[in-house]
Amino acid sequence: MKACLLLALSLRGTSAASAQRQLPAPPVGHTALEQGAPAAMAASQIDSPPLPPIPAAADIGADGYPQLPAVANMLHEADETIGSISTRTRDLASRIAKAQSDKAQKMQKQKQVFEQKLHSQEEANRALLSTNGGIAKAIDALKAENAAIVKRATELQAANRLLRSEMATLQGKLGAARSFVSASVAATDDSRAPELAVLRASTAPRAAAHAAKR
């Protein structure tokens, strides 16, 4: 705006100077010509050619004297220039304001889109963290269960070793008992004893009769 005012003032000064240069010189008054001696006028008319007619004075005021143009007329062109510059400045300011408004609206829309994307990403991250937490808990539970299974397997292996040792001991004892029983059975077998031959002779007919009945 300061540059516009300086330009307007310079234009006003230029217009005023040009108006002053264009003003016509004031004409010589008719009274001075009419006061000359009649003899001098007659001599001048005989010796020299007639003078051209004196032009009428321009911009004569109400009092008969020349007047300069009005200040408003002299500054009219500068005022028009200032008005044109002001109009263009307003148009430029309006365009800049509209461009800024459009840019602000566009940025606001982009901001909303980005915020929505960030919100979705944040929800996905939170869901992923929750899933990871559940998986971590499940892993801990499986580790604890595996540790318990390993402990139980170790205990079972120890028990199996003890049982195998006891079974081996029992097998040895059973082998000795079997040998003792076999020897006892053989020692107490009286089927071939000669003292019992009488009994075998008396029971043979009964056995044959019984078999015939069948």
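Here, residue 1 is the first one in the sequence, and each next residue gets the next number. These numbers were taken from a predicted model, which means no experiment stands behind them. Scope of the values below: all heavy atoms of this structure, side chains included, with no hydrogens, waters or symmetry mates.
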Side-chain heavy atoms of Arg90 within contact of Ser94, under 4.5 Å
no
Distance from Gln121 atom CD to Asn125 atom CG, nearest 0.5 Å?
7.0 Å
Linking directly or through intermediates, with side-chain heavy atoms under 4.5 Å: list the remaining ILVMFWY members grouped with Ile139, chain and number order.
Ile135
Euclidean distance, Phe114 CZ relative to Met107 CE, rounded to 0.5 Å:
10.0 Å
Would you check if there is a donor-acceptor pair between the side chains of Glu123 and His119 at a distance under 3.5 Å?
yes
Taking NZ, NE, NH1 and NH2 as the nitrogens, is one of them in Lys98 or Asp102 under 4.0 Å from a carboxylate oxygen of the other?
yes
Kindly compute the distance separating OG1 (Thr89) from CD1 (Ile82), expressed to the nearest 0.5 Å.
11.0 Å
Please round to the nearest 0.5 Å and tell me the distance separating atom CZ of Arg88 and atom CZ of Arg95.
10.5 Å
NZ/Lys106 to CD/Gln108 distance, rounded to the nearest 0.5 angstrom?
14.0 Å
Partners of Arg126 by salt bridge (charged side-chain N to carboxylate O under 4.0 Å, His left out), sequence neighbours excluded?
Glu122
Please list every donor-acceptor pair under 3.5 Å in which a side-chain atom of residues 146-175 meets a protein atom from a residue at least two apart or in another chain.
residue, atom, partner, partner atom, Å
Asn146, ND2, Leu142, O, 3.2
Thr154, OG1, Val150, O, 2.8
Asn160, ND2, Leu156, O, 3.2
Thr169, OG1, Ser165, O, 2.9

